[in-house]
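Contents: one structure, followed by commentary.
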Amino acid sequence: MIRISQPIISEDEIDALAVVLRSGMLIQGERVKQFEHALQAYTGASHVMAVSSGTAALHIAVMAAGIGAGDAVLVPAFTFPATANVVELTGARTIMVDVESGSYNMDPIKLEETIVGWSGKEALKAIIVVHEFGAPANMTAINDLAKRHGLLVIEDAACALGTRHKGEHAGTFGDFGCFSWHPRKAITTGEGGAITVKDEAYARTVQLLRNHGIDRNQDGKIDFLLPGLNYRLTEFQAVLGEKQLRHFDGWLKQREYWVGQYRKLLSQIPGINLPENLEGHTWQTFMIVLPDRADQASVIKRMKSANIETNIGANALHLLTYYKQKYGFQPEDFPVAKRLYEKGLAIPLHPLLREEDIRLITEALRQAIQDAG
C-alpha cells in the first residue's frame, strides 16, 4: 500500500529515545526545553511552549486569550473540526467564513463581509486563521482586518511548520500560533504540538495553563495560580521532534519536488483542479479537486483497490452534525467549503515516495476518475 503519509523515524532517533527512557526523566524537562529552543530559532518566534497536541495548543490559546461565553470567534468553514471545537469548549460562539477555492484558506473578502455584517449578541473577539495543508494564509490582509476591528489573531499552523508569508514564518503573525506534531504532519512526535506567542503576559499564562496552573515561588514551594490543564509534552517526544527538525528543510525540498511532478502529470487529466502554487507553501498535504462527474467515495474506493491510500482533505464544518444542528446551517451557506469537502481528494505525499510511485498514483487516479464518472 502506498500510504498517504509516512512518518520518518531514524535509528538515531530510536537510540536517543532509549537514552531518555533509561534516564527516568520523562515529562517536560531539559529535552523539551531543547526542542523549544530549536523551534524558536527555526520559526523566529518570541516565545515557544511545547504541548501535548495541536488541539491542546489551540485550546490553550483560546483560553489564554480570555475567550468564553458571550464571545464569538471567526473560523474558516473548511478545516479539521479541532479548529472550531476549541471555541465551542470555552462556551464561545463559532462564526464560519468561507474559503478561497485555490488556496483553501480563509477568504479575506468574505472575512471582512462577515465582520462588518455581524449583528449577533456575542461580541467578536478573535479570528482563528488556518494555514491549510501548509499553504500560507494572507496574513497581511487578515492582520489588517483584525487591527481595524480590534480582534485577536490565533494562527492554526498545525500543518504549517516551515510555511512562510512574505518571508516570515507562519505562527508568528498573530497573537498566538499553534503547531501539531501528529503522524500526518511533516515532523512527528506521535502526538504533540507547540504554541508560539509574542506577548510576555500571554506566554506566562500559556506556561501555567499547560501544567495545572503550577508556579514555584522563590523558596521552591508549589502554588497554583489558576485552574490549568495537563497538556505537557514528554521528554521522549521532544527528542524525536528536535532530531527531525534537523532534517526538515531537506524533507520540504523533497515534498516540493514531488508536487512539481504531480503537477506535470495531473495537468493532463481533464477536469482536475490543482491547488494554487503559493510562495512559501510547504505541502503537508496535496489535495486536488475532482471533476464534477467523479464521485469522491468511488474514487477513494478504486484507489484503495489499486493499493493506494487517499482520503478527503478536510471537513466543511457547516455540514457536520454538531454544527449543522446547533447553528442551523444550510448546505449552500459556504459553497466553496462544500465543494472542497465533497470533491477534494488528498493523495500520497511524503519524502519516501519514488518516481515510479508518482507515475503509478497518477495513472491509477486517471483510471479511477474515468470509472467513477
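Nothing here was measured: the structure is a model prediction, and the numbers come from that model.
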Main chain of [Y], side chain of [X]: is a donor-acceptor contact present, judged purely on distance under 3.5 Å?
{"X": "His131", "Y": "Pro136", "answer": "no"}
{"X": "Lys324", "Y": "Pro331", "answer": "no"}
{"X": "Asp107", "Y": "Glu100", "answer": "no"}
{"X": "Tyr104", "Y": "Met287", "answer": "yes"}
{"X": "Glu309", "Y": "Ile4", "answer": "yes"}
{"X": "Arg210", "Y": "Ala50", "answer": "yes"}
{"X": "Glu155", "Y": "Gly171", "answer": "yes"}
{"X": "Thr188", "Y": "Trp181", "answer": "yes"}
{"X": "Gln40", "Y": "Ser46", "answer": "yes"}
{"X": "Asn211", "Y": "Ile214", "answer": "no"}

With a 4.0 Å cut-off, would you call [X] and [Y] a salt bridge?
{"X": "Glu342", "Y": "Lys338", "answer": "yes"}
{"X": "Arg354", "Y": "Asp357", "answer": "yes"}
{"X": "Arg204", "Y": "Asp215", "answer": "yes"}
{"X": "Glu363", "Y": "Arg366", "answer": "yes"}

Kindly compute the distance separating [atom1] ([X]) from [atom2] ([Y]), expressed to the nearest 0.5 Å.
{"X": "Lys125", "Y": "Asp71", "atom1": "NZ", "atom2": "CG", "answer": "4.5 Å"}
{"X": "Glu88", "Y": "Thr94", "atom1": "CD", "atom2": "OG1", "answer": "3.5 Å"}
{"X": "Ile300", "Y": "Thr310", "atom1": "CD1", "atom2": "OG1", "answer": "5.0 Å"}
{"X": "Asn273", "Y": "Ser267", "atom1": "CG", "atom2": "OG", "answer": "12.0 Å"}
{"X": "Asn85", "Y": "Leu320", "atom1": "CG", "atom2": "CG", "answer": "9.0 Å"}
{"X": "Glu36", "Y": "Lys33", "atom1": "CD", "atom2": "NZ", "answer": "8.5 Å"}

Using every non-hydrogen atom in the two residues, find where [X] and [Y] come nearest and quote the distance to one decimal.
{"X": "Ala84", "Y": "Val75", "answer": "CB-CG2, 4.2 Å"}
{"X": "Leu26", "Y": "Val20", "answer": "CD2-O, 3.8 Å"}
{"X": "Asp199", "Y": "His47", "answer": "O-CD2, 4.3 Å"}
{"X": "Asn315", "Y": "Pro81", "answer": "OD1-CD, 3.4 Å"}
{"X": "Val239", "Y": "Ala16", "answer": "CG1-CB, 3.4 Å"}
{"X": "Ile154", "Y": "Cys178", "answer": "CG2-SG, 4.1 Å"}

With a 4.5 Å cut-off on side-chain heavy atoms, are [Y] and [X] touching?
{"X": "Val197", "Y": "Thr205", "result": "no"}
{"X": "Glu242", "Y": "Arg246", "result": "yes"}
{"X": "Asn230", "Y": "His212", "result": "yes"}
{"X": "Leu349", "Y": "Ser5", "result": "no"}
{"X": "Val32", "Y": "Glu235", "result": "yes"}
{"X": "Phe176", "Y": "Val206", "result": "yes"}
{"X": "Leu266", "Y": "Phe286", "result": "yes"}
{"X": "Gln367", "Y": "Arg302", "result": "no"}

Describe, in one word, how the ring planes of Phe334 and Phe329 are oriented to each other, choosing from parallel (under 30°), tilted (30 to 60°) and perpendicular (over 60°).
perpendicular
According to the interplanar angle, ranging from 0 to 90°, do the rings of Tyr42 and Phe248 count as parallel (below 30°), tilted (30 to 60°) or perpendicular (above 60°)?
perpendicular
Heavy-atom count check: over 12 atoms from other residues, nucleotides or ligands less than 6.0 Å from [X] [atom1]?
{"X": "Arg216", "atom1": "CZ", "answer": "no"}
{"X": "Lys166", "atom1": "NZ", "answer": "no"}
{"X": "Ile14", "atom1": "CD1", "answer": "yes"}
{"X": "Lys343", "atom1": "NZ", "answer": "yes"}

For Thr83 and Glu132, what are the C-alpha separation, side-chain angles and deciding distance, and is it a side chain to side chain contact (heavy atoms under 4.5 Å, CB included)?
CA-CA 11 Å; Thr83 309; Glu132 194 65 53; over 6 Å; no
Ignoring hydrogens and angles, write down the donor-acceptor pairs under 3.5 Å from the side chains of residues 252-259, residues two or more places apart or on other chains.
residue: Arg255; atom: NH1; partner: Trp283; partner atom: O; Å: 2.9
residue: Arg255; atom: NH1; partner: Gln284; partner atom: O; Å: 3.3
residue: Tyr257; atom: OH; partner: Glu355; partner atom: OE2; Å: 2.5
residue: Trp258; atom: NE1; partner: His350; partner atom: O; Å: 3.4

Side chain to side chain contact (heavy atoms under 4.5 Å, CB included) for Ile369 and Ile272? Distances and angles first, verdict last.
CA-CA 9 Å; Ile369 290 173; Ile272 284 182; 3.6 Å; yes
Throw together a table of side-chain donor-acceptor distances under 3.5 angstrom for residues 158-165, partners on residues two or more places apart or in other chains.
residue: Thr163; atom: OG1; partner: Gly134; partner atom: O; Å: 2.8
residue: Thr163; atom: OG1; partner: Ala160; partner atom: O; Å: 3.4
residue: Thr163; atom: OG1; partner: Thr282; partner atom: OG1; Å: 2.7
residue: Arg164; atom: NH1; partner: Gly167; partner atom: O; Å: 3.2
residue: His165; atom: NE2; partner: Thr140; partner atom: N; Å: 3.4
residue: His165; atom: NE2; partner: Thr140; partner atom: OG1; Å: 2.8

Begin from the C-alpha positions of Arg339 and Asp292 and carry the test side chain to side chain contact (heavy atoms under 4.5 Å, CB included) through to its verdict.
CA-CA 9 Å; Arg339 174 168 171 74; Asp292 289 339; 2.6 Å; yes
Check which hydrophobic residues are tied to [X] through side-chain heavy-atom contacts below 4.5 Å, counting indirect links as well, and list them.
{"X": "Val97", "result": "Leu74, Ile95, Met106, Leu111, Ile115, Trp118, Leu124, Ile127, Val129, Met139, Ile142, Leu145, Leu151, Val153, Phe173"}
{"X": "Leu278", "result": "none"}
{"X": "Val130", "result": "none"}

ILVMFWY network linking [X] to [Y], side-chain heavy atoms under 4.5 angstrom:
{"X": "Met49", "Y": "Leu209", "value": "yes"}
{"X": "Leu352", "Y": "Ile187", "value": "yes"}
{"X": "Leu317", "Y": "Tyr322", "value": "yes"}

Pair Trp251-Gln244, side chain to side chain contact (heavy atoms under 4.5 Å, CB included): steps then yes or no:
CA-CA 10 Å; Trp251 294 347; Gln244 289 186 25; 3.9 Å; yes
Between His149 and Glu112, is any side-chain donor less than 3.5 angstrom from a side-chain acceptor?
no
Side-chain atoms of residues 55-64: list all donor-acceptor pairs with protein atoms under 3.5 Å, sequence neighbours left out, distances to 0.1 Å.
residue: His59; atom: ND1; partner: Tyr231; partner atom: OH; Å: 2.9

